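As the structure is a computational prediction, the values presented were derived from the model and not from experiment. Below, each value reflects all heavy atoms present in this structure, side chains not excepted, and no hydrogens, waters or symmetry copies.
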Amino acid sequence: MKEKVAQLKEQAQSSIESAASLQELEEIRVSLLGKKGELTEISKGMKTLSPEERPVIGQLVNETREFISQILDEKNNQLKEKEKRARLEQEILDITLPGEEVELGTTHPITETMNFMKDIFIEMGFDVADGPEIEKVEYNFDALNIPETHPSRDITDTFYISDNVVLRTQTSPVQVRYMLEHKPPFRMICPGKVYRPDYDVSHTPMFHQMEGLMIGENISFANLKGILTHFVKKVFGETEVRFRPHFFPFTEPSAEMDVQCAVCKGKGCRVCKDSGWLEIMGCGMVDPEVLKAVGYDPNEVSGFAFGVGIERVTMLRHGIDDLRAFFENDIRFLKQFK
């Protein structure tokens with residue numbers, strides 16, 4: 001058996017040194033050291049040896065196994081290095097060629113406008129608040145003095161999850177939550193997503209609003225007009241604005257604020273419905289019933305609230321005549337806002 005082991009050692013060395021690829025080397029390893037390999041079969045045959053021969057042959061087999069493993073590793077490293085050099089020679093990179101431009105994503109125009117608007121109000125001392133998009137009817141309607149018979153509660157105007165839970169139709173519920181947690185005086189805004197079942201050139205089922213609220217002593221409609229006019233001037237520059245009387249259950253008196261249509265410059269188009277004006281927000285003095293609902297005394301404090309459509313402002317800033325373009329993910333459209 002000694003001669004058999006010595007012969008196998010010699011043959012193994014010759015086979016390993018002549019291997020031309022890693023795959024061929026692996027086949028040789030399996031044929032020698034695998035479960036059914038030649039050296040393994042010799043080990044299994046040791047049980048037929050005498051007690052005196054067994055330790056001698058066992059030591060010889062172990063030494064042969066170590067020898068074969070060592071030269072397998074050395075040959076493996078040689079073949080890997082050889083393949084690496086061949087690959088590098090094939091993958092020559094000409095560093096004198098011009099590089100390829102990597103296109104980076106940009107901030108979505110609605111997000112950019114929202115951040116721009118937030119900065120304006122932050123400069124005026126407003127806090128930024130947030131709240132849930134899945135809202136209780138208690139906060140979305142009841143606390144805002146919206147009666148059960150009001151059309152905004154209909155399923156045609158509101159997405160209901162259950163009888164008492166809705167996708168918020170406005171960011172006003174955040175104002176209610178804020179008032180329950182804070183004492184006047186304060187001023188705050190709450191930007192975010194809202195949901196209503198509308199879809200046309202100026203409405204989508206999901207859109208963005210920014211609500212604002214200011215509560216304190218002797219807050220008047222003059223304060224409201226001054227702050228909102230300043231906001232509009234910061235957004236659009238020198239432009240015409242107007243306040244029209246309106247009705248909202250949660251403010252009294254109430255108004256809608258219009259700016260001159262930036263798409264047609266006041267001449268009339270489909271966005272402004274040929275009026276030359278575009279309504280961007282509702283506003284008004286906080287109704288005393290709303291103040292009572294959050295534990296404030298209307299005889300001691302007053303305030304104003306407003307809600308501005310962020311998509312509408314974005315359309316006016318960039319002269320876009322179809323709000324749906326913001327949500328269609330057309331890369332040609334979005335590339336314009338780099």
Side-chain angles (χ1 to χ4, degrees), residues 1-112 114-115 130 132-134 161 192-193 204-206 208 324-338:
M1 187 171 280
K2 286 183 180 180
E3 292 76 12
K4 189 175 182 179
V5 174
Q7 185 179 4
L8 177 64
K9 180 178 180 181
E10 185 178 345
Q11 292 174 348
Q13 183 173 8
S14 175
S15 299
I16 292 170
E17 289 177 352
S18 62
S21 67
L22 289 171
Q23 182 177 352
E24 184 181 349
L25 186 67
E26 176 62 15
E27 292 173 355
I28 294 171
R29 184 193 69 78
V30 173
S31 69
L32 293 171
L33 305 179
K35 289 183 178 180
K36 297 181 180 181
E38 294 181 58
L39 192 61
T40 304
E41 292 299 322
I42 292 175
S43 298
K44 291 178 181 178
M46 289 173 56
K47 60 185 178 182
T48 62
L49 299 176
S50 65
E52 294 78 13
E53 291 179 309
R54 197 174 299 163
V56 176
I57 300 301
Q59 181 179 357
L60 183 61
V61 168
N62 289 336
E63 290 174 352
T64 302
R65 186 183 300 276
E66 291 178 5
F67 172 77
I68 292 174
S69 297
Q70 181 179 351
I71 61 176
L72 277 170
D73 290 341
E74 292 173 355
K75 188 63 176 181
N76 183 70
N77 292 334
Q78 291 175 12
L79 291 174
K80 281 185 176 180
E81 184 63 25
K82 180 181 177 182
E83 290 188 2
K84 178 182 177 181
R85 287 196 301 269
R87 187 173 67 252
L88 290 174
E89 289 175 1
Q90 295 174 357
E91 297 177 354
I92 295 175
L93 177 65
D94 187 351
I95 61 173
T96 65
L97 292 174
E100 295 182 1
E101 182 181 359
V102 178
E103 290 196 40
L104 300 177
T106 58
T107 304
H108 193 279
I110 291 177
T111 303
E112 186 275 329
M114 183 187 297
N115 293 335
D130 193 15
E133 295 175 23
I134 300 176
I161 296 176
K193 298 174 183 176
T204 52
M206 184 279 292
H208 300 77
R324 293 171 293 189
F326 292 127
F327 304 104
E328 291 173 346
N329 293 327
D330 189 327
I331 195 68
R332 296 168 299 176
F333 172 79
L334 295 175
K335 277 185 175 180
Q336 300 176 85
F337 302 96
K338 288 187 176 181

Legend entry - Donor + acceptor pair across side chains of Gln70, Glu66 (<3.5 Å): no

What side-chain donor-acceptor pairs closer than 3.5 Å can you find for residues 12-26, not counting sequence neighbours?
residue: Gln13; atom: NE2; partner: Glu17; partner atom: OE2; Å: 3.4
residue: Ser15; atom: OG; partner: Gln11; partner atom: O; Å: 3.0
residue: Ser18; atom: OG; partner: Ser14; partner atom: O; Å: 3.1
residue: Ser18; atom: OG; partner: Ser15; partner atom: O; Å: 3.0
residue: Ser21; atom: OG; partner: Glu24; partner atom: N; Å: 3.2
residue: Glu24; atom: OE1; partner: Ala20; partner atom: N; Å: 3.1
residue: Glu26; atom: OE1; partner: Arg29; partner atom: NE; Å: 3.2
residue: Glu26; atom: OE2; partner: Arg29; partner atom: NE; Å: 3.4
residue: Glu26; atom: OE2; partner: Arg29; partner atom: NH2; Å: 2.8

Inset, instruction - Check the surroundings of atom CD in Glu328: do more than 12 heavy atoms from other residues, nucleotides or ligands lie under 6.0 Å from it? - result: yes

Inset, instruction - Give a yes or no on whether Gln336 atom CD has more than 12 heavy-atom contacts from other residues, nucleotides or ligands under 6.0 Å away. - result: yes

For the atom pair [atom1] ([X]) and [atom2] ([Y]), what is the distance rounded to the nearest 0.5 Å?
X: Arg324; Y: Thr204; atom1: CZ; atom2: OG1; result: 10.0 Å
X: Leu72; Y: Asn77; atom1: CG; atom2: CG; result: 11.0 Å
X: Glu83; Y: Leu79; atom1: CD; atom2: CG; result: 6.5 Å

Inset, instruction - Applying salt bridge (Lys or Arg N to Asp or Glu O under 4.0 Å), name anything that partners Glu81, two or more places apart in sequence or on another chain. - result: Arg85

Inset, instruction - Check Phe326 against His108 and note the closest heavy-atom contact, atom names and distance. - result: O-NE2, 2.9 Å

Legend entry - Taking every non-hydrogen atom, the tightest pair across Asn329 and Leu334: CA-CD1, 4.3 Å

